[in-house]
Amino acid sequence: MCKDGWTVCEYREVSSTNLTAAKLPAWSAVRAQTQTAGRGRFQRTWVSDQGGLWLSAVIPTGKTKDWQVLPLAVGLAVCKTFRSLGVQNARMRWPNDVLVQDRKLAGLLIDQFFPGLAVAGIGINVSNQPEKQDSSLKQHTARLADLISAVPSLEKLTQDILKNLREVVTHMQAGGFRSLHSEINALWGTPRRVELDLDGVIRQGMFSCVDEEGRLILSDESGRSVSYEPHQVRHLTEI
Ligand code: BTN
């Protein structure tokens, strides 16, 4: 299917849509009804049962810098889609999660299999029931079906996300990350106390925004701020 500048391939079942998308050209996308080996961050598995949206989009990336901030740009496209559906309280947790009241509604996984191309994997709990496969997810996941009454079809949700994604990426290519940064900063919710794992070195402080270059800003009690390049931060935990 071709729409809004994307070529979308649809499957009943794949191992991981990111892996299926790995060999495809820019502006291709892969959607599957289920994944047998859905991949999450940090080599975790991602429960990908029937009724969720499992989507991967191939995006051209220029500079390394763009590739590093891509999760934030993809998160913006996903949050814009949620808000247009009436989910006003969706927020981002740096760098790859979309939450509603501390429960995960969507997860993002960006892979780079070839230079110049990124595969943005987007997993959204829609009307699936991930806790049936993994009971530990029960208190930690949110689903669109529990948040809005008019849940769009997975086909329509795919179209809306890809349309917003193309707009956001095109905007970033023309104006750089700084052209998106205030829209992205509006999506973090209230400032939060966080712990950063800087590859073994732990730092705590308040997180409220990223700067115009996409660096994460951490403030301490005295209001002093330190900025970190995305690749310096292995993990952020809200505490
Ligand atoms: C995470 O929160 O750890 C990231 C989860 C990303 C899941 C999506 S589902 C579509 C795409 N294919 C995968 O195997 N993973 C991503």
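Atoms within each ligand, like the ligands themselves, are counted from 1 in listed order. Positions are given from 1 along the sequence.
Of all atoms in ligand 1, listed by their number and element, those nearer than 4.0 Å to a heavy atom of Ser56 are 11 (C). Interface atoms of ligand 1 facing Ile122, defined by a heavy-atom separation under 4.0 Å, are 8 (C), 9 (S), 10 (C). Using a 4.0 Å cut-off to heavy atoms of Leu55, the atoms of ligand 1 that qualify are 10 (C). Each of the following atoms of ligand 1 lies closer than 4.0 Å to a heavy atom of Asp97: 2 (O). Contact atoms of ligand 1 toward Gly40: 1 (C), 3 (O), 4 (C), 5 (C) (distance under 4.0 Å to a heavy atom of the residue).
Here the protein heavy atom with the shortest distance to atom 4 (C) of ligand 1 is Leu108 O, 3.4 Å. Closest to atom 15 (N) of ligand 1 among all protein heavy atoms lies Arg39 O, 2.7 Å. Nearest non-hydrogen protein atom to atom 9 (S) of ligand 1 is Gln35 NE2, 3.4 Å. Closest protein heavy atom to atom 5 (C) of ligand 1: Trp46 CE3, 3.4 Å.
Under a 4.0 angstrom heavy-atom cut-off, Gly38 registers as being in contact with ligand 1.
Here the closest heavy-atom approach between residue Gly116 and residue Gln112 is recorded as N-NE2, 3.4 Å. The two residues Leu162 and Trp6 make their nearest non-hydrogen contact at O-NE1, 2.8 Å. The two residues Asn125 and Ala142 make their nearest non-hydrogen contact at CB-O, 3.1 Å.
Residue-to-ligand polar distances place Ser16 within reach of ligand 1: an N/O pair is separated by less than 3.5 Å. Looking at Thr17 next to ligand 1, an N or O pair under 3.5 Å apart turns up. The distance criterion of under 3.5 Å between nitrogen or oxygen atoms is met by Lys104 with respect to ligand 1.
Taking the side chain as every heavy atom from C-beta outward, Asn89 and Gln101 approach each other to under 4.5 Å. Between Val151 and Ser127 there is no side-chain heavy-atom pair separated by less than 4.5 Å.
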Could you go through Asp97 and Arg103, starting from their C-alpha distance and side-chain angles, then the distance that decides it, and tell me whether this counts as salt bridge (charged side-chain N to carboxylate O under 4.0 Å, His left out)?
CA-CA 10 Å; Asp97 297 330; Arg103 287 171 172 249; over 6 Å; no
Give the intermediate values and the outcome of side-chain contact (heavy atoms from CB on, under 4.5 Å) for residues Val14 and Leu19.
CA-CA 9 Å; Val14 297; Leu19 298 182; over 6 Å; no
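In this comparison of Arg93, Gln43, Arg44, Arg41, the heavy atom closest to atom 3 (O) of ligand 1 sits on Arg41. Atom 8 (C) of ligand 1 has its nearest heavy-atom neighbour, among Pro71, Ala106, Ala32, Gly123, in Gly123.
With Trp27 as the aromatic partner, Arg166 meets the cation-pi criteria of under 6.0 angstrom to the ring centre and within 45 degrees of the ring axis.
A salt bridge is defined here as a Lys NZ or Arg NE, NH1 or NH2 lying under 4.0 Å from an Asp or Glu carboxylate O, and Glu183 with Lys80 meets this definition. Asp111 has a carboxylate O that lies under 4.0 Å from a charged side-chain N of Arg39, or vice versa, which qualifies the two as a salt bridge.
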